[in-house]
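Encoded as structure tokens, the structure appears first; notes follow it.
By convention in this document, chain letters (A, B, ...) are assigned in the order of the sequence lines, proteins followed by strands, and residues within each chain are numbered from 1. Remember, predicted model here, so these are calculated numbers, not experimental data.
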Protein chains: 2
Amino acid sequence: MARTGRPREFDRQAALETALVLFWQQGFEPTSLNQLKEVMGGISPTSFYAAFGSKEQLFREVVALYRSQQGQVTDVLFDENISPRQAIEQCLRQSVHMQTDKTHPLGCLVTMGATNCGPTGDAVMQLLREERLKNFGGIKRQLERAVSIGALPENADILALAATINTFLNGISLAARDGVGEKELQASVGNIMRLWDAA
Amino acid sequence: MARTGRPREFDRQAALETALVLFWQQGFEPTSLNQLKEVMGGISPTSFYAAFGSKEQLFREVVALYRSQQGQVTDVLFDENISPRQAIEQCLRQSVHMQTDKTHPLGCLVTMGATNCGPTGDAVMQLLREERLKNFGGIKRQLERAVSIGALPENADILALAATINTFLNGISLAARDGVGEKELQASVGNIMRLWDAA
DNA sequence: ATACTTCCGTATCGATCAGTACATAATTAG
DNA sequence: CTAATTATGTACTGATCGATACGGAAGTAT
């Protein structure tokens with residue numbers, strides 16, 4: 001049974017997708033309500049707030065959507081059914097592929113979505129930071145697992161290797177936005193993985 | 001001979017320094033004139049515009065100041081009087097040291113100063129992008145020099161190695177802001193330099 | 001002294017910010 | 001039908017954005 005009341009006249013999901021693109025391009029703070037309303041189908045402020053609550057709540061929904069779509073390239077970091085080395089390499093290769101895909105904004109929303117924030121944007125900055133730290137945690141856990149199953153030697157400096165991988169992963173976003181191509185970045189992933197083999 | 005007219009009542013250089021700190025913390029767009037005027041000694045809008053022209057012009061001055069101070073850690077990329085390997089390693093180690101120094105905002109202004117921009121911030125974004133691409137160019141030139149003097153083999157994939165180093169360099173800013181310590185990041189530099197030795 | 005130059009503080013500009021008030025339209029429930 | 005519910009469009013809120021107008025203050029030049 002459809003719920004009561006006047007039906008919504010715009011596609012909520014489609015509006016979320018276009019909001020995602022805008023936030024991805026510009027980040028949280030410089031993206032204005034007017035811009036959002038316009039790209040979300042020219043909806044009215046009343047419709048916007050009735051459907052999404054506030055700019056920050058919309059952003060949180062957008063981040064969740066991103067994580068379930070393009071951002072799932074990092075999910076493999078938490079997969080314990082493949083080899084640790086495969087998990088890391090797949091994460092990096094998929095991240096490079098996704099972030100250099102010109103069918104959407106370059107770089108990563110979690111990495112770049114809220115880097116320039118005034119005092120009002122602290123909560124949003126923290127939201128994305130936690131997402132990044134989750135990924136860093138996933139990297140570390142895969143390395144620990146690698147040591148525990150003998151895929152990496154006991155004396156490997158896995159904290160340093162994890163930091164190296166994490167830092168490289170962070171850097172992909174800016175590199176992509178600065179025009180570095182997928183080819184060079186995939187070759188760079190090959191370099192990073194060579195560190196694994198030498199560890 | 002002192003120049004004519006009423007003398008300025010605030011220290012222009014000191015005001016620039018405090019503006020640098022604020023832009024470094026928050027980035028270009030979310031930093032407001034009110035915030036700037038306050039930290040710059042509580043100067044009036046008239047004094048601000050007379051002395052600095054506009055928010056964007058102030059930012060450009062701030063970037064130049066940063067480049068001449070903290071940002072000079074990358075100048076070594078253009079030094080042809082030391083070995084190419086030393087140039088790269090010094091750049092990375094100094095960058096890590098500077099960007100994790102808690103006496104000023106974490107990360108790098110050139111990397112993070114204008115990542116979230118609306119349509120009005122394009123010029124500033126481009127300014128920092130060009131600074132980053134200059135550094136990337138310096139990395140590439142050092143690698144070419146290394147090949148030319150036999151410090152790297154002829155068949156080394158220097159474009160891939162340059163992209164790896166550049167991407168890592170980009171990533172240091174976010175890593176530092178997310179709380180990764182200097183120790184782990186210096187160890188990561190050691191890892192990156194291992195790629196050089198294996199090239 | 002007077003002109004000239006430069007900086008100062010206050011008050012304010014139009015535009016835009018995120019968010020709301022209010023009356024109305026469209027649907028379901030009874 | 002009426003009531004209840006939910007969405008709609010228009011108009012508008014106070015706050016803040018970057019930037020300016022204007023008159024006076026403080027210095028130098030002659």
Think A/Ser44 has a side-chain N or O under 4.0 angstrom from the OP1 or OP2 of D/dG9?
yes

Does B/Arg60 come within less than 4.0 Å of B/Glu56, counting only side-chain N to carboxylate O?
yes

Can you tell me how far C1' of D/dT8 sits from CE of A/Met40, to the nearest Å?
16 Å

Between A/Arg8 and A/Ser47, do the side chains contain an N or O donor and an N or O acceptor separated by less than 3.5 Å?
no

Hey, can you tell me if B/Tyr66 and B/Trp24 have their rings parallel, tilted or perpendicular (30° and 60° cut-offs)?
perpendicular

Looking across every strand, which nucleic acid part, if any, lies under 4.0 Å from B/Thr31 by heavy atom: base, sugar-phosphate, or nothing?
sugar-phosphate

Rounded to the nearest angstrom, tell me the gap between atom NZ in A/Lys37 and atom P in D/dG9.
11 Å

Taking 4.0 Å as the cut-off, does a side-chain nitrogen or oxygen of B/Arg8 come that near to OP1 or OP2 on C/dC7?
yes

In this structure, how many angstroms lie between the P atom of C/dC17 and the NZ atom of A/Lys55, rounded?
9 Å

Donor on one side chain, acceptor on other, B/Arg132 and B/Asn135, under 3.5 Å
no

Classify the side chain of B/Thr46 and the base of C/dT10 as holding, or not holding, a donor-acceptor pair under 3.5 Å.
yes

For A/Ile43 and C/dG19, give me the distance from atom CD1 to atom C1', rounded to whole Å.
14 Å

Less than 4.0 angstrom between a side-chain N/O of A/Ser47 and OP1 or OP2 of D/dT8, yes or no?
yes

Side chain of B/Leu33, heavy atoms from C-beta onward: which of D/dG18, C/dT10, C/dT20 has the nearest atom to it?
D/dG18

Both A/Pro7 and B/Phe10 contact DNA chain C. Which one's nearest nucleotide lies toward the 5' end?
B/Phe10

DNA chain D nearest-nucleotide lookup for B/Glu56 and B/Glu9: closer to the 5′ end is B/Glu56

B/Asn34 CG to C/dT16 C1', straight-line distance once rounded to whole Å:
15 Å

How are the rings of B/Phe59 and B/Phe23 set to each other: parallel, tilted or perpendicular (split at 30° and 60°)?
perpendicular

How long is the line joining CZ of A/Arg6 and C1' of C/dA29, in whole Å?
19 Å

Spacing between A/Tyr49 atom OH and C/dC17 atom C1', to the nearest angstrom
9 Å

Value in whole Å for how far the C1' atom of D/dC12 lies from CZ of A/Phe48:
18 Å

